Amino acid sequence: MLRTLARGGAATVGIGGTALAAYAYGDPGFGRQVSFWRVTGPAVLSYAACSAKHKKSDADTKARAFAALHDHYSKVSLDLILELRGLYIKFGQAAASSPFVPQAYRTQFKVLQNDVPSEDFAAIKQVVEEELGPLDELFEEFSESACGAASIGQAHVAKLRTTGETVVVKVQYPSAARIFLADAQCLRTLISLANPEALPAFEEFEKQLALELDYRAELANLTAIFDAIMPTFADRVVVPRAHSTLSTGRVLTLEYLPGPKLEGEMRRQMAALGMRVDESESMRDWIQRLEAQTTQPATEADDDEREPWRAWLGRVGARVVGIDAALWVVGKVLATGGAAGGAGGLRSQEELRTCLHSLVEVHGFEIFVHGLFNADPHPGNLIAMGDGKVGLIDYGQCKRLEEGPRRAIAELMVKVADDAPHAEVAAAFRRVGVRTEHGGDEFLGKMARLMFGRVSVEMLEPKWHRDLHKTDKMTHYPPDLLMVHRVALILRGLSVACRENVSIAELWRPHAAAALDAGPD
């Protein structure tokens with residue numbers, strides 16, 4: 001009862017008093033909730049008061065009032081996220097690339113994309129030794145600097161004492177599991193107050209994050225995907241082998257895959273196309289932001305936005321000769337002008353294209369044939385290996401599709417790939433579980449092609465998107481499709497940097513058809 005009453009009070013008023021402080025000190029999760037609501041509670045009240053005050057104000061006055069709140073609380077929120085870390089960092093990373101989040105917050109939260117602070121090595125060493133035993137007995141070398149840090153853990157390069165093999169050791173932060181539930185409850189309450197319609201998406205987000213807390217689940221996913229895809233795709237991709245005897249619920253030891261992350265080469269290719277990616281923004285989130293801007297209603301100002309000459313060349317060329325031809329012309333112009341690095345750039349570009357097709361095919365196989373897939377194949381999780389293969393790392397966010405949803409999504413892919421009439425595509429979309437306000441066939445047909453098909457010339461026009469979203473809007477989007485679309489979104493975004501206009505549905509069609517031909521399990 002004390003906990004319930006204190007939580008309710010913390011959501012609305014400042015908290016003080018030695019008794020409550022002592023209780024929070026003894027319960028870290030509760031203490032984090034107190035810290036969260038001490039900052040967020042006044043923010044919620046301020047936004048509510050501003051909304052009430054300007055209920056009848058004109059649009060400009062209301063916009064200025066909310067802009068002032070955004071400017072103030074975005075800075076306060078970033079400080080809170082950096083103080084509490086954990087799930088809040090993951091939430092801030094997602095918010096930084098969301099078109100639904102005010103610009104002031106996206107700007108502040110960009111720092112979370114690449115500059116996630118790492119934990120002190122002493123704490124990491126303690127976790128490893130608690131789980132595996134003395135560090136010096138297991139590893140000949142163990143880098144004290146993290147090679148990567150995330151919201152719930154970080155990774156270190158090490159060398160096994162027994163074999164001399166170089167490995168990557170992924171270590172969960174000491175308090176990650178204990179504080180997850182408390183953090184999730186705070187965020188769930190905040191979303192229910194600020195934007196109740198976003199709760200289903202957050203629940204899927206929370207579910208996926210909860211799976212990441214048990215590295216044994218990631219080990220099982222990694223092993224299952226390794227066994228499924230390596231016999232067929234070993235000539236094109238590499239899935240790291242896991243050292244199960246050196247892995248537990250909080251420590252995961254993996255084969256080290258040499259080579260730079262694909263993200264660096266992606267940035268170079270995007271710069272060659274005249275498409276700017278802010279250095280503080282990860283390539284994954286740039287891709288997701290680009291795609292989100294494409295699939296959301298556009299504003300009139302979009303028509304007048306100034307474009308770099310290379311992007312302008314592609315845009316105008318697409319209108320005149322078609323997207324595929326325009327992309328080819330842009331690539332040739334850039335190569336001839338040396339922007340892509342001359343002959344070396346062309347070879348690199350071809351390697352990127354080969355990697356792209358391999359990635360799309362592998363993930364189609366995972367989704368429709370195997371049923372278990374990595375739902376986060378962004379460039380930061382891809383290694384450009386020297387032998388032309390692409391390394392696939394990080395299996396914390398995997399999704400398993402049951403037979404029913406898998407067949408329904410497979411049918412949708414086949415309909416989109418075959419360019420079926422809107423009515424047939426819409427019917428397949430509904431069988432997946434999508435619902436709209438008006439149930440229009442044309443809206444659903446166009447949305448399905450926009451999400452999984454090849455980009456057409458008309459889709460380059462902001463007016464096309466405005467007109468589409470005036471006709472209808474989605475009211476229910478099933479979680480299973482959400483994760484499949486996330487993979488398609490990232491993979492199609494990768495194709496932009498490779499100057500290819502791919503249809504994910506067409507490339508996935510053979511595997512989708514195989515799933516349908518196999519019949520019910």
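Remember, it's a predicted structure, so these values are computed and weren't measured experimentally.
The closest donor-acceptor contact from the side chain of S143 to the backbone of A158 lies at 3.5 Å or more, if one exists at all. Although no hydrogens or angles enter the test, the distance criterion places no donor-acceptor pair under 3.5 Å between the side chain of T166 and the main chain of Y256. Of the possible polar contacts, none joining the R509 side chain to the A417 backbone as a donor-acceptor pair under 3.5 Å is found. Within the 3.5 Å criterion, the main-chain N or O of A228 finds no donor-acceptor partner in the side chain of T232. With hydrogens and angles ignored, the 3.5 Å screen pairs no side-chain donor or acceptor of D472 with any backbone N or O of F443. Formation of a donor-acceptor pair under 3.5 Å by the T40 side chain with backbone atoms of W37 is not found in this model. Side-chain atoms of S151 do not come within 3.5 Å of backbone N or O of I89 as any donor-acceptor pair. With hydrogens and angles ignored, the 3.5 Å screen pairs a side-chain donor or acceptor of Q172 with a backbone N or O of L213. Checking side-chain atoms of S503 against main-chain N and O of E506 turns up a donor-acceptor pair under 3.5 Å. The backbone N or O of L468 sits less than 3.5 Å from a side-chain atom of T471, completing a donor-acceptor pair.
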Check against side chain to side chain contact (heavy atoms under 4.5 Å, CB included), M385 and V238:
CA-CA 9 Å; M385 303 182 70; V238 177; 3.8 Å; yes
Check the pair D419, R449 against side chain to side chain contact (heavy atoms under 4.5 Å, CB included), reporting the backbone distance first and the verdict last.
CA-CA 8 Å; D419 197 23; R449 299 177 212 278; 3.0 Å; yes
Can you check salt bridge (charged side-chain N to carboxylate O under 4.0 Å, His left out) on D394 and K170, steps first, answer last?
CA-CA 10 Å; D394 196 343; K170 186 174 177 179; 3.6 Å; yes
Take L82 and L112 through the side chain to side chain contact (heavy atoms under 4.5 Å, CB included) test and state the conclusion after the steps.
CA-CA 9 Å; L82 292 174; L112 302 172; 3.8 Å; yes
Where do F452 and H485 land on the ring-ring contact (aromatic ring centres under 6.0 Å, His included) test, with the steps shown first?
CA-CA 8 Å; F452 298 106; H485 179 224; 5.6 Å; yes
Please determine whether side chain to side chain contact (heavy atoms under 4.5 Å, CB included) holds for the pair L444 and H422, giving the CA-CA distance in whole Å, both sets of side-chain angles, and the decisive distance to 0.1 Å.
CA-CA 7 Å; L444 283 173; H422 283 327; over 6 Å; no
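Here the side chains of I191 and P196 are not in contact, with every heavy-atom distance at 4.5 Å or above. Considering only heavy atoms from C-beta on, L507 stays 4.5 Å or farther from E361 through its side chain. Side-chain contact between C147 and H156 is absent, with no heavy-atom pair separated by less than 4.5 Å. Side-chain atoms of P478 and V432, non-hydrogen and from C-beta on, do get closer than 4.5 Å to each other. Proximity of V484 to L401: side-chain heavy atoms (C-beta onward) are separated by under 4.5 Å at one or more points. Between F368 and I409, some side-chain heavy-atom pair lies under the 4.5 Å cut-off. The shortest distance between side-chain heavy atoms of L181 and D183 does not fall below 4.5 Å. Using a 4.5 Å cut-off on side-chain heavy atoms (C-beta onward), R400 and F373 make no contact.
In this model, no donor atom of one side chain and acceptor atom of the other lie less than 3.5 Å apart for Q103 and H70. For the residue pair Q397/E212, the side-chain donor-acceptor check at 3.5 Å is satisfied. Under 3.5 Å, the side chains of H357 and R236 contain no donor-acceptor pair of N or O atoms. Using modelled atom types, one finds no donor on one side chain facing an acceptor on the other under 3.5 Å when comparing Q108 with S74.
In this structure, CZ in R492 is found 6.0 Å from CG in L450, a value given to the nearest 0.5 Å. Here E165 contributes atom CD and F139 contributes atom CZ; the two are 10.5 Å apart, rounded to the nearest 0.5 Å. Note that CG of L84 is 11.0 Å distant from CD of Q33, once rounded to the nearest 0.5 Å. Note: I504 CD1 to H363 NE2 = 10.5 Å, rounded to the nearest 0.5 Å. Distance check: E411 CD to E424 CD gives 9.5 Å after rounding to the nearest 0.5 Å. Here NE2 of H243 is found 11.5 Å from CG of L219. Values are rounded to the nearest 0.5 Å.
Between V237 and the choices V362, I383, L382, the side chain to side chain contact (heavy atoms under 4.5 Å, CB included) rule is met once, by V362.
I367 and W508 make their closest contact through CD1-CH2, 3.6 Å (heavy atoms, listed as atom of the first residue, atom of the second, distance). Scanning both residues, A448 and V425, for their nearest heavy atoms gives CB-CG1, 3.5 Å. When all heavy atoms of V487 and A375 are compared, the closest pair comes out as CG2-CA, 3.7 Å. The shortest non-hydrogen separation linking T253 to L246 is OG1-O, 2.7 Å. The two residues P377 and N374 come nearest to each other via the heavy atoms CD-O, 3.9 Å. Nearest approach of Q154 to E119, heavy atoms of both residues: OE1-N, 2.6 Å.
In summary, the aromatic rings of F36 and Y88 are positioned with their centroids under 6.0 Å apart.
Relative to the six-membered ring of Y215, R250 misses at least one condition, a distance below 6.0 Å or an angle of at most 45° to the axis.
Taking a cutoff of 4.0 Å between a charged side-chain nitrogen and a carboxylate oxygen, D441 and R430 qualify as a salt bridge. Here E403 pairs with R407 in a salt bridge; the nearest charged N to carboxylate O distance falls below 4.0 Å. Here K399 pairs with D480 in a salt bridge; the nearest charged N to carboxylate O distance falls below 4.0 Å. Salt-bridge formation is detected for the pair K446/E442: a Lys NZ or Arg NE/NH1/NH2 atom is positioned less than 4.0 Å from an Asp or Glu carboxylate oxygen.
For H511, the ring-ring contact (aromatic ring centres under 6.0 Å, His included) partners two or more places apart in sequence, or in a different chain, are F365.
The number of heavy-atom neighbours closer than 6.0 Å to CZ of R188, taken from other residues, nucleotides and ligands shown, is above 12.
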